[in-house]
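These values consider heavy atoms only, across backbone and side chains, with no hydrogens, waters or symmetry-generated copies. Within every chain, numbering begins at 1; the chains are lettered A, B, ... in the order of the sequence lines, protein sequences first and strands thereafter.
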Amino acid sequence: MPWRTSPADRARGILPDPYHIWMSEVMLQQTTVAAVRDYFLRFTARWPTVADLAAAEDGDVMGEWAGLGYYARARNLLKCARAVVTDHGGQFPDTLEGLLGLPGVGPYTAAAIASIAFDRAETVVDGNVERVMARLYDIHTPLPGAKPELTARAARLTPTQRPGDYAQAVMDLGATICSPRNPACGICPWQTPCAARRLGTATELPKKTPKKPKPTRTGIAYIARRSDGDWLLERRPDRGLLGGMLGWPGSEWAEQVPPHAAPFDADWVTLPAQALHTFTHFHLRLTIQVAVAPQGTNPTTGSFLSGDMFRPSDLPTVMRKAFDLAQDHFVGSR
DNA sequence: AAAGCGTGGGC
DNA sequence: TGCCCAAGCTT
């Protein structure tokens, strides 16, 4: 992992850049290491310091985050960078309390930064640690209700020696050996004290309360290309689903879509294929309508973005799926 | 305090 | 193939 420094360096007092640890930890919230890696490298190459990031344009940061999901993280990333510069002299706070005051930094991330970047004896409790503790102590209370007990167990184990190494090690243990499906108990360094290992309950822990089924919503997206090659796009409002991201104008997304109008009058063509996408709490079937806009078109929403300025990679994935289908249409009809 | 909030990979 | 899961935070 490119944000990590070796235990050997850490032992000699060489700690990682707090900016890098903060960046990686925010990206890693509910996101796999494999997905984060390239984003981390692009962000730190483009904005090498927190001051560079604080000076960035909102749209540039949102565009660079596109595809990683949970876009409130990107909005808070910018807020946080600016808070560090304006309220903390450009240095990240080195205490749990100070870190918790930053936007997008909750109990886990604050403890991760404090322990990994500053070697403070704070306790990280992420999904890995929850699983390891539930098994180590054979706790059958379902999550999220078990969280306080799991946190207390984890805190009791946190050492004062090399807390940063320990935090990473216990998460690595959960990510590799004490894995959700096929835990490798035979090679686990904690196999002797582990209650679930002894009782044979490891694979069924931690218990979780069942999830609600996802409803299916539908909607329409309007993808218009002007004769000069510009695309009609809009910036979504700064809160809610895909907040702050670039997207295509369209209807609401709902189980029953209310009446709505296209952004301008034209001979809109409905594509034969829909864009299918699943969000955290619903499935979406997006119907795509395409049109060529004459020069001088005045849309009721959004604005035309030049073909040179528009990077499809700035779009969140659902909008990118819609674009790919529309582009097939425009190319195929040429 | 329960719900909202993305995405891709693995099985 | 659909479901589960991933180094959670905010309101």
Ring centres of [X] and [Y] under 6.0 Å apart?
X	Y	answer
A:Phe310	A:Phe323	yes
A:His281	A:Phe279	no
A:Trp231	A:Phe330	yes

Can you measure [X] atom [atom1] to [N] atom [atom2] for me and round it to whole angstrom units?
X	N	atom1	atom2	result
A:Leu276	B:dG6	CG	C1'	16 Å
A:Leu143	B:dA1	CG	P	16 Å
A:Phe282	B:dT7	CZ	P	10 Å
A:Met27	B:dG6	CE	P	16 Å
A:Arg73	B:dT7	CZ	P	10 Å

Do A:Glu122 and A:Ser115 get their side chains close enough for a donor-acceptor pair, meaning under 3.5 Å?
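Not at all, the side chains of A:Glu122 and A:Ser115 share no donor-acceptor pair under 3.5 Å.
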
Do the side-chain N and O atoms of A:Asp230 and A:Ser306 include a donor-acceptor pair separated by under 3.5 angstrom?
no

Using a 6.0 Å cut-off, check whether atom [atom1] of [X] has over 12 heavy atoms from anything other than its own residue.
X	atom1	result
A:Arg285	CZ	no
A:Gln256	CD	no
A:Asp228	CG	yes

Pairs meeting criterion side chain to side chain donor-acceptor pair (under 3.5 Å) with involvement of residues 28-38 of chain A, two or more places apart
A:Gln29-A:Thr109, A:Thr31-A:Arg73

Sequence neighbours excluded, every pair satisfying ring pair (Phe, Tyr, Trp, His ring centres under 6.0 Å) that has a member inside residues 91-138 of chain A
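Non-adjacent pairs meeting ring pair (Phe, Tyr, Trp, His ring centres under 6.0 Å): A:Trp22-A:Phe92.
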
Write out a two-atom table: protein N or O, nucleotide N or O from nucleotides 2-4 of chain B, distance below 3.5 Å.
| residue | atom | partner | partner atom | Å |
| --- | --- | --- | --- | --- |
| B:dA3 | OP1 | A:Lys212 | NZ | 2.7 |

With rounding to whole Å, what would you report as the distance between B:dA3 and C:dA7 at their P atoms?
23 Å

What's the gap between C:dC4 and B:dG6 when it is taken at their C1' atoms, as a whole Å value?
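Nearest-Å result for C:dC4 against B:dG6 at atom C1': 15 Å.
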
Between A:Asn182 and A:Gly67, which is nearer to the 5' end of DNA chain B once each is assigned its nearest nucleotide?
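Nearer the 5' end of the strand: A:Gly67.
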
Each stem that DNA chain B is part of, given as range with range (3 or more consecutive Watson-Crick or G-U pairs, under 3.5 Å)
B:2-5 with C:8-11, B:7-11 with C:2-6

Base, sugar-phosphate, or nothing for A:Leu242, non-hydrogen atoms under 4.0 angstrom?
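Counting heavy atoms under 4.0 Å across all strands, the contact made by A:Leu242 is with sugar-phosphate only.
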
Please report, to 0.1 Å, the donor-acceptor pairs under 3.5 Å made by any side chain of residues 210-222 of chain A, with sequence neighbours excluded.
| residue | atom | partner | partner atom | Å |
| --- | --- | --- | --- | --- |
| A:Lys214 | NZ | A:Thr280 | O | 2.6 |
| A:Tyr222 | OH | A:His260 | NE2 | 3.0 |

Given protein heavy atoms under 4.0 Å, the one-letter contact record of nucleotides 4-11 of chain C, with B base, S sugar-phosphate only and - none, is simply BSBBBSS-

At under 4.0 Å, does any side-chain N or O of A:Thr317 touch on OP1 or OP2 of B:dG6?
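False: A:Thr317 side-chain N/O out of range (4.0 Å or more) of B:dG6 OP1/OP2.
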
